[in-house]
Number of protein chains: 2
Amino acid sequence: MASTIPLPRQQRLLQLLRLAEGELSAQELHQRLRDAQQGTGLATVYRGLKLLQQAGLVRCRKLSNGETVYAPLERDEHHLICVQCGSSQPLPLCPLGTSSLGLNAVLLQGFRPLFHTFEIHGLCSRCQQVEVGLDG
Amino acid sequence: MASTIPLPRQQRLLQLLRLAEGELSAQELHQRLRDAQQGTGLATVYRGLKLLQQAGLVRCRKLSNGETVYAPLERDEHHLICVQCGSSQPLPLCPLGTSSLGLNAVLLQGFRPLFHTFEIHGLCSRCQQVEVGLDG
DNA sequence: CCCAAGAGTGAGAATGGTTGTCGTTCTAGC
DNA sequence: GCTAGAACGACAACCATTCTCACTCTTGGG
Ligand SMILES: [Mn+2]
Ligand SMILES: [Mn+2]
Ligand SMILES: [Zn+2]
Ligand SMILES: [Zn+2]
(Lines give C-alpha, C1' and ligand atoms only; values in the text may rest on other atoms or scores of the structure.)
(Ligands and ions follow the chains in the order given, each with its own letter.)
Protein backbone atom coordinates (compact mmCIF):
# COMPACT_ATOMS: atom_id res chain seq x y z
CA MET A 1 0.00 0.00 0.00
CA ALA A 2 1.28 3.39 -0.92
CA SER A 3 -0.65 6.10 0.87
CA THR A 4 -1.35 4.76 4.35
CA ILE A 5 1.47 6.76 5.99
CA PRO A 6 0.96 10.45 5.23
CA LEU A 7 4.04 12.57 4.69
CA PRO A 8 4.96 15.21 7.30
CA ARG A 9 3.35 17.96 5.25
CA GLN A 10 0.06 16.14 5.40
CA GLN A 11 0.50 15.30 9.08
CA ARG A 12 0.68 19.04 9.69
CA LEU A 13 -2.60 19.59 7.86
CA LEU A 14 -4.24 16.84 9.85
CA GLN A 15 -2.91 18.33 13.09
CA LEU A 16 -4.35 21.75 12.21
CA LEU A 17 -7.71 20.21 11.44
CA ARG A 18 -7.74 18.34 14.75
CA LEU A 19 -6.83 21.47 16.70
CA ALA A 20 -9.47 23.58 14.97
CA GLU A 21 -12.83 24.22 16.56
CA GLY A 22 -14.85 23.51 13.44
CA GLU A 23 -14.33 22.74 9.80
CA LEU A 24 -11.64 24.58 7.86
CA SER A 25 -11.45 25.47 4.20
CA ALA A 26 -8.29 24.90 2.17
CA GLN A 27 -7.68 28.62 2.12
CA GLU A 28 -8.02 28.87 5.89
CA LEU A 29 -5.54 26.04 6.30
CA HIS A 30 -3.21 27.79 3.89
CA GLN A 31 -3.51 30.97 5.94
CA ARG A 32 -2.81 29.19 9.23
CA LEU A 33 0.32 27.63 7.80
CA ARG A 34 1.40 31.07 6.65
CA ASP A 35 0.74 32.52 10.11
CA ALA A 36 2.91 29.79 11.61
CA GLN A 37 5.82 30.70 9.32
CA GLN A 38 5.27 27.45 7.50
CA GLY A 39 4.52 28.91 4.13
CA THR A 40 3.08 26.39 1.75
CA GLY A 41 1.72 26.66 -1.74
CA LEU A 42 -2.03 26.60 -1.97
CA ALA A 43 -1.83 23.83 -4.55
CA THR A 44 0.08 21.71 -2.06
CA VAL A 45 -2.62 22.21 0.53
CA TYR A 46 -5.21 20.95 -1.94
CA ARG A 47 -3.02 18.00 -2.92
CA GLY A 48 -2.47 17.04 0.70
CA LEU A 49 -6.14 17.28 1.52
CA LYS A 50 -7.03 14.99 -1.33
CA LEU A 51 -4.51 12.39 -0.19
CA LEU A 52 -5.68 12.62 3.42
CA GLN A 53 -9.20 12.08 2.18
CA GLN A 54 -8.23 8.98 0.22
CA ALA A 55 -6.30 7.68 3.21
CA GLY A 56 -9.48 7.81 5.27
CA LEU A 57 -8.20 10.48 7.66
CA VAL A 58 -10.15 13.53 6.53
CA ARG A 59 -13.69 14.18 5.34
CA CYS A 60 -15.13 17.18 3.57
CA ARG A 61 -18.33 18.80 2.44
CA LYS A 62 -19.22 21.56 0.03
CA LEU A 63 -20.88 24.69 1.39
CA SER A 64 -23.54 26.45 -0.62
CA ASN A 65 -21.16 29.32 -1.35
CA GLY A 66 -18.96 26.89 -3.25
CA GLU A 67 -16.12 26.42 -0.82
CA THR A 68 -15.16 23.05 0.56
CA VAL A 69 -14.53 22.59 4.27
CA TYR A 70 -12.53 19.80 5.85
CA ALA A 71 -12.52 18.03 9.21
CA PRO A 72 -10.92 14.95 10.77
CA LEU A 73 -12.76 11.79 9.88
CA GLU A 74 -13.40 10.87 13.50
CA ARG A 75 -15.43 14.03 14.05
CA ASP A 76 -18.87 12.86 13.03
CA GLU A 77 -20.94 16.02 12.61
CA HIS A 78 -23.95 16.95 10.54
CA HIS A 79 -25.84 20.20 9.97
CA LEU A 80 -29.02 22.11 9.35
CA ILE A 81 -28.35 24.28 6.31
CA CYS A 82 -30.47 27.25 5.29
CA VAL A 83 -31.21 27.35 1.57
CA GLN A 84 -31.84 31.09 1.84
CA CYS A 85 -28.84 32.49 3.70
CA GLY A 86 -26.48 29.51 3.62
CA SER A 87 -25.90 29.44 7.36
CA SER A 88 -25.38 26.05 8.94
CA GLN A 89 -25.90 24.96 12.53
CA PRO A 90 -24.96 21.65 14.15
CA LEU A 91 -27.41 18.76 14.02
CA PRO A 92 -26.72 16.32 16.89
CA LEU A 93 -27.86 13.28 14.96
CA CYS A 94 -26.14 10.77 12.71
CA PRO A 95 -28.22 8.44 10.56
CA LEU A 96 -25.58 5.74 10.81
CA GLY A 97 -25.32 5.76 14.56
CA THR A 98 -21.74 5.17 15.59
CA SER A 99 -21.34 1.92 13.76
CA SER A 100 -21.60 1.88 9.99
CA LEU A 101 -24.90 0.08 10.32
CA GLY A 102 -26.99 -0.61 7.29
CA LEU A 103 -24.00 -0.49 4.99
CA ASN A 104 -23.89 -4.14 4.10
CA ALA A 105 -21.66 -5.30 1.28
CA VAL A 106 -24.65 -5.98 -0.94
CA LEU A 107 -25.43 -2.31 -1.18
CA LEU A 108 -21.82 -1.24 -1.61
CA GLN A 109 -21.01 -3.60 -4.50
CA GLY A 110 -17.25 -3.29 -4.26
CA PHE A 111 -17.28 0.36 -3.28
CA ARG A 112 -14.96 1.11 -0.36
CA PRO A 113 -16.62 3.68 1.93
CA LEU A 114 -14.46 6.30 3.61
CA PHE A 115 -16.92 8.82 5.05
CA HIS A 116 -20.45 10.07 4.66
CA THR A 117 -22.31 13.36 4.53
CA PHE A 118 -25.78 13.93 5.88
CA GLU A 119 -27.30 17.39 5.92
CA ILE A 120 -30.81 18.74 6.25
CA HIS A 121 -31.60 21.74 4.08
CA GLY A 122 -34.42 24.14 4.83
CA LEU A 123 -35.14 27.59 6.25
CA CYS A 124 -33.48 28.79 9.43
CA SER A 125 -35.69 30.56 11.95
CA ARG A 126 -34.34 33.97 11.00
CA CYS A 127 -35.11 33.53 7.30
CA GLN A 128 -38.61 32.29 8.16
CA GLN A 129 -39.22 35.51 10.07
CA VAL A 130 -38.07 37.65 7.17
CA GLU A 131 -40.44 35.76 4.89
CA VAL A 132 -43.34 36.43 7.25
CA GLY A 133 -42.32 40.04 7.62
CA LEU A 134 -42.64 40.62 3.89
CA ASP A 135 -46.18 39.28 3.88
CA GLY A 136 -47.54 41.46 6.72
CA MET B 1 -47.80 33.13 1.80
CA ALA B 2 -46.13 34.43 -1.29
CA SER B 3 -44.17 31.68 -2.97
CA THR B 4 -46.37 28.60 -2.66
CA ILE B 5 -47.70 28.89 -6.23
CA PRO B 6 -44.76 28.88 -8.63
CA LEU B 7 -44.97 31.07 -11.70
CA PRO B 8 -45.26 29.38 -15.13
CA ARG B 9 -41.56 29.82 -15.77
CA GLN B 10 -40.79 27.82 -12.68
CA GLN B 11 -43.48 25.24 -13.46
CA ARG B 12 -41.63 24.58 -16.70
CA LEU B 13 -38.39 23.96 -14.83
CA LEU B 14 -40.16 21.59 -12.47
CA GLN B 15 -41.71 19.77 -15.42
CA LEU B 16 -38.31 19.30 -17.07
CA LEU B 17 -36.86 17.96 -13.84
CA ARG B 18 -39.70 15.50 -13.46
CA LEU B 19 -39.36 14.28 -17.03
CA ALA B 20 -35.60 13.85 -16.75
CA GLU B 21 -34.04 10.50 -16.01
CA GLY B 22 -31.65 11.75 -13.38
CA GLU B 23 -30.51 14.98 -11.85
CA LEU B 24 -29.97 18.02 -14.05
CA SER B 25 -27.63 20.96 -13.65
CA ALA B 26 -28.78 24.52 -14.17
CA GLN B 27 -26.85 24.65 -17.41
CA GLU B 28 -28.48 21.45 -18.69
CA LEU B 29 -31.89 22.88 -17.87
CA HIS B 30 -30.94 26.07 -19.67
CA GLN B 31 -29.91 24.03 -22.70
CA ARG B 32 -33.13 22.02 -22.73
CA LEU B 33 -35.18 25.18 -22.66
CA ARG B 34 -33.13 26.49 -25.55
CA ASP B 35 -33.66 23.26 -27.49
CA ALA B 36 -37.41 23.63 -26.96
CA GLN B 37 -37.40 27.13 -28.43
CA GLN B 38 -38.10 28.49 -24.98
CA GLY B 39 -35.02 30.60 -24.66
CA THR B 40 -34.42 31.74 -21.12
CA GLY B 41 -31.59 33.60 -19.50
CA LEU B 42 -29.29 31.49 -17.44
CA ALA B 43 -29.74 33.86 -14.52
CA THR B 44 -33.47 33.25 -14.65
CA VAL B 45 -32.93 29.50 -14.47
CA TYR B 46 -30.85 29.96 -11.34
CA ARG B 47 -33.44 32.31 -9.84
CA GLY B 48 -36.26 29.88 -10.55
CA LEU B 49 -34.38 26.94 -9.10
CA LYS B 50 -33.76 28.83 -5.89
CA LEU B 51 -37.43 29.67 -5.54
CA LEU B 52 -38.49 26.09 -6.29
CA GLN B 53 -36.08 24.96 -3.63
CA GLN B 54 -37.52 27.32 -1.05
CA ALA B 55 -41.03 26.26 -2.01
CA GLY B 56 -40.13 22.68 -1.13
CA LEU B 57 -40.50 21.39 -4.68
CA VAL B 58 -36.91 20.83 -5.70
CA ARG B 59 -33.80 19.53 -3.99
CA CYS B 60 -30.17 19.82 -5.01
CA ARG B 61 -26.69 18.60 -4.23
CA LYS B 62 -23.22 19.73 -5.14
CA LEU B 63 -21.02 17.43 -7.20
CA SER B 64 -17.31 17.26 -6.55
CA ASN B 65 -16.60 19.04 -9.82
CA GLY B 66 -18.38 22.09 -8.46
CA GLU B 67 -21.64 21.96 -10.35
CA THR B 68 -24.98 21.70 -8.62
CA VAL B 69 -27.59 19.21 -9.81
CA TYR B 70 -31.30 19.41 -9.17
CA ALA B 71 -34.16 16.91 -8.89
CA PRO B 72 -37.81 16.92 -7.83
CA LEU B 73 -38.18 16.73 -4.07
CA GLU B 74 -40.26 13.55 -4.22
CA ARG B 75 -37.41 11.64 -5.83
CA ASP B 76 -35.54 10.40 -2.78
CA GLU B 77 -32.16 9.23 -4.05
CA HIS B 78 -28.71 8.94 -2.54
CA HIS B 79 -25.31 7.98 -3.91
CA LEU B 80 -21.92 6.38 -3.55
CA ILE B 81 -19.41 9.03 -4.61
CA CYS B 82 -15.80 8.31 -5.49
CA VAL B 83 -13.34 10.77 -3.96
CA GLN B 84 -10.84 9.89 -6.66
CA CYS B 85 -12.72 10.15 -9.94
CA GLY B 86 -15.90 11.87 -8.81
CA SER B 87 -18.24 9.29 -10.30
CA SER B 88 -21.47 8.62 -8.43
CA GLN B 89 -23.68 5.55 -8.48
CA PRO B 90 -27.12 5.11 -6.90
CA LEU B 91 -27.37 3.95 -3.30
CA PRO B 92 -30.76 2.30 -2.69
CA LEU B 93 -30.96 3.35 0.94
CA CYS B 94 -32.34 6.38 2.75
CA PRO B 95 -31.39 6.98 6.38
CA LEU B 96 -34.75 8.61 7.04
CA GLY B 97 -36.85 5.80 5.66
CA THR B 98 -39.85 7.23 3.89
CA SER B 99 -41.15 9.19 6.84
CA SER B 100 -39.06 11.99 8.25
CA LEU B 101 -38.39 9.84 11.27
CA GLY B 102 -35.97 10.99 13.90
CA LEU B 103 -36.45 14.63 13.04
CA ASN B 104 -38.27 15.69 16.14
CA ALA B 105 -38.84 19.35 16.83
CA VAL B 106 -36.31 19.34 19.66
CA LEU B 107 -33.47 18.76 17.25
CA LEU B 108 -34.75 21.23 14.68
CA GLN B 109 -35.16 24.18 17.06
CA GLY B 110 -37.32 26.30 14.77
CA PHE B 111 -35.58 25.21 11.58
CA ARG B 112 -38.04 24.27 8.83
CA PRO B 113 -36.69 21.25 6.93
CA LEU B 114 -37.24 21.05 3.19
CA PHE B 115 -35.01 18.22 2.01
CA HIS B 116 -31.93 16.26 2.99
CA THR B 117 -28.77 14.97 1.42
CA PHE B 118 -27.04 11.72 2.33
CA GLU B 119 -24.06 10.50 0.38
CA ILE B 120 -21.31 8.00 1.05
CA HIS B 121 -17.86 8.99 -0.18
CA GLY B 122 -15.10 6.50 -0.83
CA LEU B 123 -13.30 4.66 -3.62
CA CYS B 124 -15.21 3.08 -6.48
CA SER B 125 -14.13 -0.39 -7.54
CA ARG B 126 -12.36 0.93 -10.62
CA CYS B 127 -10.22 3.40 -8.65
CA GLN B 128 -9.35 0.68 -6.13
CA GLN B 129 -8.02 -1.43 -8.99
CA VAL B 130 -5.90 1.40 -10.33
CA GLU B 131 -4.44 1.89 -6.86
CA VAL B 132 -3.55 -1.80 -6.65
CA GLY B 133 -2.19 -1.72 -10.18
CA LEU B 134 0.34 0.95 -9.26
CA ASP B 135 1.68 -1.15 -6.41
CA GLY B 136 2.29 -4.33 -8.40
C1' DC C 1 -56.89 54.00 -22.73
C1' DC C 2 -52.45 56.08 -20.53
C1' DC C 3 -49.02 56.16 -17.37
C1' DA C 4 -46.05 55.09 -13.58
C1' DA C 5 -44.24 51.71 -10.21
C1' DG C 6 -42.61 47.48 -9.41
C1' DA C 7 -41.44 42.90 -10.56
C1' DG C 8 -39.28 39.90 -13.84
C1' DT C 9 -35.93 39.11 -17.37
C1' DG C 10 -31.54 38.48 -20.19
C1' DA C 11 -26.85 39.42 -21.91
C1' DG C 12 -22.71 39.93 -20.46
C1' DA C 13 -19.27 41.16 -16.93
C1' DA C 14 -17.41 39.98 -12.58
C1' DT C 15 -16.37 36.77 -8.96
C1' DG C 16 -13.75 33.39 -6.65
C1' DG C 17 -12.69 28.66 -5.25
C1' DT C 18 -10.34 25.15 -7.41
C1' DT C 19 -7.32 22.95 -10.73
C1' DG C 20 -3.62 22.92 -14.18
C1' DT C 21 1.06 24.26 -15.69
C1' DC C 22 5.71 24.12 -15.53
C1' DG C 23 10.13 25.35 -13.91
C1' DT C 24 12.46 24.67 -9.49
C1' DT C 25 13.64 22.15 -5.28
C1' DC C 26 14.00 18.22 -2.49
C1' DT C 27 14.98 13.22 -1.67
C1' DA C 28 16.70 8.60 -2.43
C1' DG C 29 19.51 5.48 -4.28
C1' DC C 30 23.80 4.60 -6.42
C1' DG D 1 28.59 13.99 -5.44
C1' DC D 2 25.21 12.81 -9.10
C1' DT D 3 20.82 11.66 -11.19
C1' DA D 4 15.91 10.25 -11.66
C1' DG D 5 11.70 10.99 -9.92
C1' DA D 6 8.63 12.91 -6.65
C1' DA D 7 7.10 17.06 -4.37
C1' DC D 8 6.50 21.80 -4.42
C1' DG D 9 5.09 26.84 -5.35
C1' DA D 10 3.81 30.84 -7.99
C1' DC D 11 0.83 31.96 -11.16
C1' DA D 12 -2.34 31.30 -15.04
C1' DA D 13 -6.50 29.18 -16.47
C1' DC D 14 -11.02 27.37 -15.71
C1' DC D 15 -15.81 27.61 -15.18
C1' DA D 16 -20.15 27.40 -12.45
C1' DT D 17 -22.42 30.85 -10.29
C1' DT D 18 -23.69 35.54 -9.09
C1' DC D 19 -24.01 40.37 -10.07
C1' DT D 20 -25.30 44.38 -12.83
C1' DC D 21 -28.21 47.11 -15.17
C1' DA D 22 -30.95 48.38 -18.93
C1' DC D 23 -35.08 46.67 -20.84
C1' DT D 24 -39.78 44.52 -20.84
C1' DC D 25 -43.94 43.05 -18.87
C1' DT D 26 -47.72 43.45 -15.61
C1' DT D 27 -50.99 45.90 -13.08
C1' DG D 28 -53.83 49.21 -11.02
C1' DG D 29 -55.19 54.01 -10.45
C1' DG D 30 -56.51 58.12 -12.91
MN1 LIG E 1 -22.43 10.69 10.66
MN1 LIG F 1 -33.51 10.25 1.57
ZN1 LIG G 1 -31.36 31.44 6.78
ZN1 LIG H 1 -13.46 6.24 -8.83
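Within every chain, numbering begins at 1; the chains are lettered A, B, ... in the order of the sequence lines, protein sequences first and strands thereafter.
The residue from A:R75, A:R59, A:K62 that alone fulfils the salt bridge (Lys or Arg N to Asp or Glu O under 4.0 Å) condition with A:E23 is A:R59.
Considering all non-hydrogen atoms of both residues, A:V69 and A:S25 come closest at CG1-N, 4.1 Å.
The distance from atom CD of B:Q53 to atom C1' of D:dT17 is 13 Å, rounded to the nearest whole Å. D:dC19 atom C1' lies 10 Å from atom CZ of B:R47, rounded to whole Å. Distance A:Q27 CD to D:dC11 P: 15 Å, rounded to the nearest Å. The distance from atom CG of B:N65 to atom P of C:dG17 is 17 Å, rounded to the nearest whole Å. Between the NZ atom of A:K62 and the P atom of D:dT17 there is a distance of 11 Å, given to the nearest Å. Between the C1' atom of D:dT18 and the CG atom of B:L49 lies a distance of 14 Å, rounded to the nearest Å. Nucleotide C:dG10 holds its P atom 10 Å from the CG atom of B:L33, rounded to whole Å. Atom CG of A:L42 is separated from atom P of C:dT19 by 10 Å (rounded to the nearest Å).
The CG atom of A:L16 sits 6.5 Å away from atom CG of A:L19, with the distance rounded to the nearest 0.5 Å. Atom CG of residue A:L51 and atom CG of residue A:L13 lie 10.0 Å apart, to the nearest 0.5 angstrom.
Here B:Y46 reaches the OP1 or OP2 of D:dT17: one of its side-chain N or O atoms lies under 4.0 Å away. Distances shown here put a side-chain N or O of A:T68 below 4.0 Å from the OP1 or OP2 atom of C:dT18.
A:T40 comes within 4.0 angstrom of sugar-phosphate atoms only, judged by non-hydrogen atoms across all strands, and of no base. Among the heavy atoms of the strands lying under 4.0 Å from A:R9 are primed sugar atoms or P, OP1, OP2 only; no base atom is included.
Between A:V69 and B:V45, the residue anchored nearer the 5' end of DNA chain C, judged by the nucleotide with its closest heavy atom, is B:V45.
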